[in-house]
Amino acid sequence: MSLAISTTDLEKSYGDVQALDGLSLSVERGEFFGLLGPNGAGKTTFINVLVGLVRKSGGEASVFGHDVEDEYREARDRIGLAPQEFNVDRFFPIREVLMHKAGYHDISTTEARERADEALHTVGIYDKRETRFDWLSGGMKRRFMLARALVSDPDLLILDEPTAGVDVELRRDLWEIITELNDDGTTILLTTHYIEEAERLCDEVAIMDSGRKVTVASPDELMARGNDTIRLQLREPPARVPAIDNERVESVDLDDDHLVATASQGGEVAPDLIRQLDRHGHTVVDIDISRTSLEEVFVELTRRDEGDESNETDGTDRADETESPGASI
Amino acid sequence: MSVVSTGLRALVHREILRFVRRPRNTFLPPLITNVLYFSVFGVILGARVGSIEGVDYILYILPGLIVLGVIANAFENASFSIFHGRWNEYIHEVQTSPLSYTEMVGAYVSASALRGVIIGVLIALVGAIMIPLTIGTGVGLANPIYALAFVLVIAVLFAGFGVMGGLWARDFDYLTVLNQFIIRPLVFFGAVFYPLDALPPIWRTVSLVNPMVYMVDGVRYGFLGIASIEPNVSLAVLAGGAAAVVAIDVWLFQRGYGLTE
């Protein structure tokens with residue numbers, strides 16, 4: 001079994017609210033997988049089904065081939081979870097909290113102590129080992145959440161918005177730690193609101209909306225779906241917009257002496273634009289290509305079908321298929 | 001190889017440490033309460049009451065006070081630990097672990113039952129000090145095996161009820177309601193401070209549906225050797241009840257009652 005996570009037609013409803021609506025996702029072993037989606041898209045619900053905090057209403061979910069309900073012990077033993085909320089045992093110093101957590105994973109007391117120290121060293125808060133969680137600073141709390149997820153040496157590390165509200169330095173520290181873990185073979189499932197995070201870290205990204213999968217692709221593939229902006233400065237401002245014949249070009253406008261074209265994969269289109277303009281007698285003196293951002297693609301994908309409520313989906317295709325109104329990130 | 005897994009031991013260890021490290025919240029209150037009970041009911045009132053069934057009053061109430069302490073603390077430990085964990089969501093550390101549901105319940109119940117038993121022993125020690133000072137004779141154990149067996153079964157039974165209470169509670173008021181309006185009345189009408197014969201016939205009959213009566217009677221048999229009800233029957237019924245309650249606890253954990261969305 002090469003899949004770390006596999007879900008098929010996963011459903012979760014809260015009364016009339018459909019939090020997961022036929023979600024089918026596959027995450028390969030060793031992959032760095034990102035989950036993007038607006039608030040309420042179902043990302044945390046999806047994670048909570050995997051770890052046993054939410055009972056699914058329908059469908060199948062497995063972790064490393066173990067059904068999350070029928071073989072919950074095997075599935076949970078492979079997972080390390082760093083949730084959004086600070087749900088930490090307040091009765092004990094953080095080192096003991098880690099030792100307890102390791103113990104629940106059948107790790108002996110001696111080894112649990114070593115693991116706890118190692119995890120605290122990894123996230124850089126070993127000096128605070130005898131401190132209770134409540135007394136840690138906000139950044140240290142976030143670091144501790146990662147340490148707790150690591151203490152059982154999981155094969156699948158699930159990080160639910162691990163860098164929410166942290167400063168730039170800590171964010172980069174956390175990125176470095178989880179990148180190294182991934183390089184060492186740990187599968188990582190990351191949810192985030194920071195598009196840059198997904199773009200920088202993830203091998204593959206699933207965009208979710210309204211409990212459904214909108215699309216799954218690599219960040220580069222996603223960006224290729226967006227339109228780049230090509231600004232061509234012409235020696236003489238043309239009287240009207242020159243005729244451009246290229247199927248990748250979505251629009252052409254004039255902005256004083258600049259011709260502004262939008263096109264998918266602008267870098268490949270630009271030489272043809274220059275040739276066509278040259279044939280029309282225009283000389284290009286400068287060129288600037290603004291690449292589309294993942295953020296723009298995200299907004300586009302989660303708004304594309306706004307108002308198109310008839311767009312049915314079974315959630316299994318990799319095609320664009322959303323009916324999200326007013327996505328926000 | 002141990003039948004008790006490392007994971008189960010880790011959770012039991014955590015649960016025990018939680019109450020051992022907070023003696024001012026866990027051990028001191030019942031100690032003070034029972035010194036007061038013995039002082040007021042045993043020493044002051046006891047002198048006027050005299051003896052019941054040939055036993056000095058202060059000695060007569062000892063088994064009931066032990067039961068009261070065991071029940072209250074076993075119940076409170078399990079219900080508080082689970083509810084507090086739910087309230088602050090750190091019970092997720094246990095829920096998302098590979099412990100089986102049976103192990104989770106086993107850990108909460110056994111640690112809570114242990115606290116109940118420790119409190120029971122402490123109350124017995126308070127009695128062992130205060131009773132000779134009052135009546136000049138020591139506290140004996142007529143049937144020590146029964147005393148121990150009853151205390152253990154009662155502790156497990158109420159630790160099991162505590163798990164239910166901890167899962168059911170939606171806020172801290174629920175725990176107060178359980179303790180003040182259900183447990184305490186059952187205890188006080190459970191023949192702790194009086195013999196059933198002291199009641200009018202109608203109330204004596206009503207009292208027989210109160211499970212506390214059988215518990216107090218059983219522990220009294222263990223300490224004093226006197227019983228209104230056949231102790232083996234009481235013990236069997238209580239043991240059956242404890243097993244049923246723990247089985248329901250496991251089922252509730254499996255269902256995710258109060259734990260999962």
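Letters A, B, ... are given to chains in the order of the sequence lines, protein chains preceding strands, and every chain is numbered from 1. No hydrogens, no waters, no symmetry mates; every other heavy atom, side chains included, goes into these values.
Other residues, nucleotides and ligands place more than 12 heavy atoms under 6.0 Å from the CG atom of B:Leu36. More than 12 heavy atoms of other residues, nucleotides or ligands sit less than 6.0 Å from atom NZ of A:Lys56. For A:Tyr126, the OH atom is densely surrounded, since the number of other residues' heavy atoms within 6.0 Å is greater than 12.
Although no hydrogens or angles enter the test, the distance criterion places no donor-acceptor pair under 3.5 Å between the side chain of A:Arg76 and the main chain of B:Pro98.
When the candidates B:Ser100, B:Gly256, B:Gly85 are compared by the number of heavy-atom contacts under 4.5 Å with chain A, B:Ser100 comes out ahead. With chain B as partner, the option from A:Val97, A:Leu50, A:Leu53, A:Thr109 having the largest number of non-hydrogen pairs under 4.5 angstrom is A:Leu53. Each of B:Leu8, B:Thr260, B:Leu259 has some count of heavy-atom pairs under 4.5 Å with chain A, and the biggest count is that of B:Thr260. Options A:Thr45, A:Ile79, A:Val51 differ in how many heavy-atom pairs under 4.5 Å they form with chain B, and the most are formed by A:Val51.
Distance check: B:Leu99 CG to A:Arg73 CZ gives 7.0 Å after rounding to the nearest 0.5 Å. One distance of note links CD of B:Glu93 with CG of A:Leu81; it measures 10.5 Å at 0.5 Å rounding. One distance of note links CD of B:Gln254 with CZ of A:Arg55; it measures 9.0 Å at 0.5 Å rounding. Atom NZ of A:Lys101 and atom CG of B:Leu11 lie 11.0 Å apart (nearest 0.5 Å).
Within residues 153-170 of chain B, no residue has a heavy atom under 4.5 Å from a heavy atom of chain A.
Applying the salt bridge (charged side-chain N to carboxylate O under 4.0 Å, His left out) test to A:Arg90 and every residue at least two apart in sequence or in another chain returns A:Asp134.
Contact between B:Arg21 and A:Phe92 at its shortest, heavy atoms only, is NH1-CD2, 3.5 Å. Across all their heavy atoms, B:Gly7 and A:Asp106 have their closest contact at N-OD1, 2.7 Å. The minimum heavy-atom distance between B:Ala10 and A:His100, with the atom names listed, is CB-O, 4.3 Å.
Only the side chain of A:Glu96 comes within less than 4.5 Å of a heavy atom of chain B; its backbone N, CA, C and O stay farther away. Contacts between B:Leu17 and chain A at a heavy-atom distance below 4.5 Å involve backbone atoms as well as side-chain atoms. Heavy atoms of B:Arg22 lying under 4.5 Å from chain A belong exclusively to its side chain. Contacts between B:Glu103 and chain A at a heavy-atom distance below 4.5 Å involve the side chain alone, from C-beta outward. Heavy atoms closer than 4.5 Å to chain B are found in the side chain of A:Arg148, but not in its backbone.
When A:Asp89, A:Asn87, A:Asn48 are each tested for a side-chain contact (heavy atoms from CB on, under 4.5 Å) with B:His92, only one passes: A:Asn87. With A:Tyr104 as the fixed residue, the side-chain contact (heavy atoms from CB on, under 4.5 Å) test singles out one of B:Val94, B:Thr6, B:Thr96: B:Val94.
Side-chain contact between B:His84 and A:Phe91: present, with at least one pair of heavy atoms (C-beta onward) separated by less than 4.5 Å.
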| query | A:Tyr14 and B:Glu261: side-chain hydrogen bond (donor to acceptor under 3.5 Å, both in side chains), yes or no, with the steps? | reply | CA-CA 8 Å; A:Tyr14 298 99; B:Glu261 296 170 10; 2.7 Å; yes

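Two rings, from B:Tyr101 and A:Tyr72, have their centers less than 6.0 Å apart.
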